Asker: 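My questions all concern the structure below.
No experiment lies behind these values; they were computed from the predicted model shown.
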Amino acid sequence: LSEADRHTIRVDIPRTRAGDAAFVQPAMRQRLEALLTGFCHDEGLRYMQGLHEVAAVFAYIEASAAASSTGAPAAAKEGAGGFDGLACLTAFAGRFAPCFYDGEGFMMLHMMLL
């Protein structure tokens, strides 16, 4: 993942669901960054602004699953609950958004999120 992509991810994360208390928590922001960088790295893709909104759903579910299995607040614990947000994001993108990536970026996805 290029430094430019890492920078864009770091800039997008605070914008993600900024009005939702769960997404201002440092643990949730770390979870979202890990999902985005992991997804782009594993899939060999460049990051495209707007992908953070898709990944936010999986970050939230992952945090909720972790919290329900540990009794901690939703954004506090990582790695518990048996829900793999990265695997689910990857499966979702492959199943429902396979044509969005054109080799340069998620052009159709970006246009849909505008």
Side-chain angles (χ1 to χ4, degrees):
L1 196 60
S2 73
E3 187 54 41
D5 286 342
R6 289 181 192 280
H7 173 75
T8 305
I9 289 170
R10 285 190 297 268
V11 169
D12 275 354
I13 287 172
R15 298 178 193 162
T16 307
R17 311 269 190 234
D20 187 323
F23 283 90
V24 298
Q25 300 298 316
M28 180 64 82
R29 289 182 175 183
Q30 291 170 355
R31 181 184 304 278
L32 187 55
E33 183 173 356
L35 277 176
L36 292 168
T37 57
F39 176 76
C40 292
H41 176 268
D42 292 356
E43 297 301 305
L45 304 175
R46 296 215 44 218
Y47 176 74
M48 173 63 69
Q49 286 180 295
L51 186 58
H52 64 291
E53 292 294 343
V54 176
V57 174
F58 300 100
Y60 186 82
I61 294 169
E62 188 175 67
S64 296
S68 68
S69 71
T70 63
K77 297 284 183 182
E78 292 188 50
F83 182 86
D84 185 342
L86 180 56
C88 290
L89 173 60
T90 301
F92 175 83
R95 172 72 171 92
F96 295 103
C99 64
F100 293 158
Y101 182 71
D102 70 354
E104 294 297 320
F106 288 89
M107 300 310 278
M108 293 291 278
L109 178 61
H110 182 69
M111 290 173 19
M112 288 175 54
L113 293 173
L114 291 178

Asker: For Phe23 and Met28, work out which heavy atoms get closest and say how close.
Answerer: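 The pair with the smallest heavy-atom distance is CD2-CG, 3.6 Å.
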Asker: For Leu35, give me all partners under side chain to side chain contact (heavy atoms under 4.5 Å, CB included), at least two apart in sequence or on another chain.
Answerer: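 For Leu35, the residues satisfying side chain to side chain contact (heavy atoms under 4.5 Å, CB included) (neighbours in sequence not counted) are Phe58, Ala59, Leu86.
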Asker: State plainly whether one hydrophobic cluster holds both Phe92 and Leu45, where clusters connect Ile, Leu, Val, Met, Phe, Trp and Tyr through side-chain heavy atoms under 4.5 angstrom apart.
Answerer: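 Same cluster.
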Asker: Is a side-chain N or O of Glu62 found less than 3.5 angstrom from the main chain of Asp84, in a donor-acceptor match?
Answerer: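 Not a single qualifying donor-acceptor pair exists.
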Asker: Is there a continuous path of hydrophobic side-chain contacts, each under 4.5 Å between heavy atoms, that joins Val24 to Ile13?
Answerer: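 Shared cluster, no.
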Asker: Who passes side chain to side chain donor-acceptor pair (under 3.5 Å) against Arg15, sequence neighbours left out?
Answerer: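 Only Asp12 meet the side chain to side chain donor-acceptor pair (under 3.5 Å) criterion with Arg15.
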Asker: If you round to the nearest 0.5 Å, how far is CZ of Phe83 from OG of Ser64?
Answerer: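 So the OG of Ser64 and the CZ of Phe83 are separated by 9.5 Å.
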Asker: With sequence neighbours excluded, what pairs up with Arg17 under the salt bridge (Lys or Arg N to Asp or Glu O under 4.0 Å) test?
Answerer: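 Residues passing salt bridge (Lys or Arg N to Asp or Glu O under 4.0 Å) with Arg17: Glu53.
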Asker: Take Arg31 and Tyr60 through the test side chain to side chain contact (heavy atoms under 4.5 Å, CB included) and record every step on the way to the result.
Answerer: CA-CA 9 Å; Arg31 181 184 304 278; Tyr60 186 82; over 6 Å; no
Asker: Could you list the residues that satisfy side chain to side chain contact (heavy atoms under 4.5 Å, CB included) with Leu1, not counting sequence neighbours?
Answerer: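 Partners of Leu1 under the side chain to side chain contact (heavy atoms under 4.5 Å, CB included) test: Asp5, Arg6, Ile9, Thr37, Cys40.
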Asker: Can you list everything that forms a side chain to side chain contact (heavy atoms under 4.5 Å, CB included) with His7? Sequence neighbours excluded, please.
Answerer: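 So His7 forms a side chain to side chain contact (heavy atoms under 4.5 Å, CB included) with Arg10, Val11.
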Asker: Shortest non-hydrogen contact from Ala56 to Leu32?
Answerer: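 That closest heavy-atom pairing would be N-CD1, 3.7 Å.
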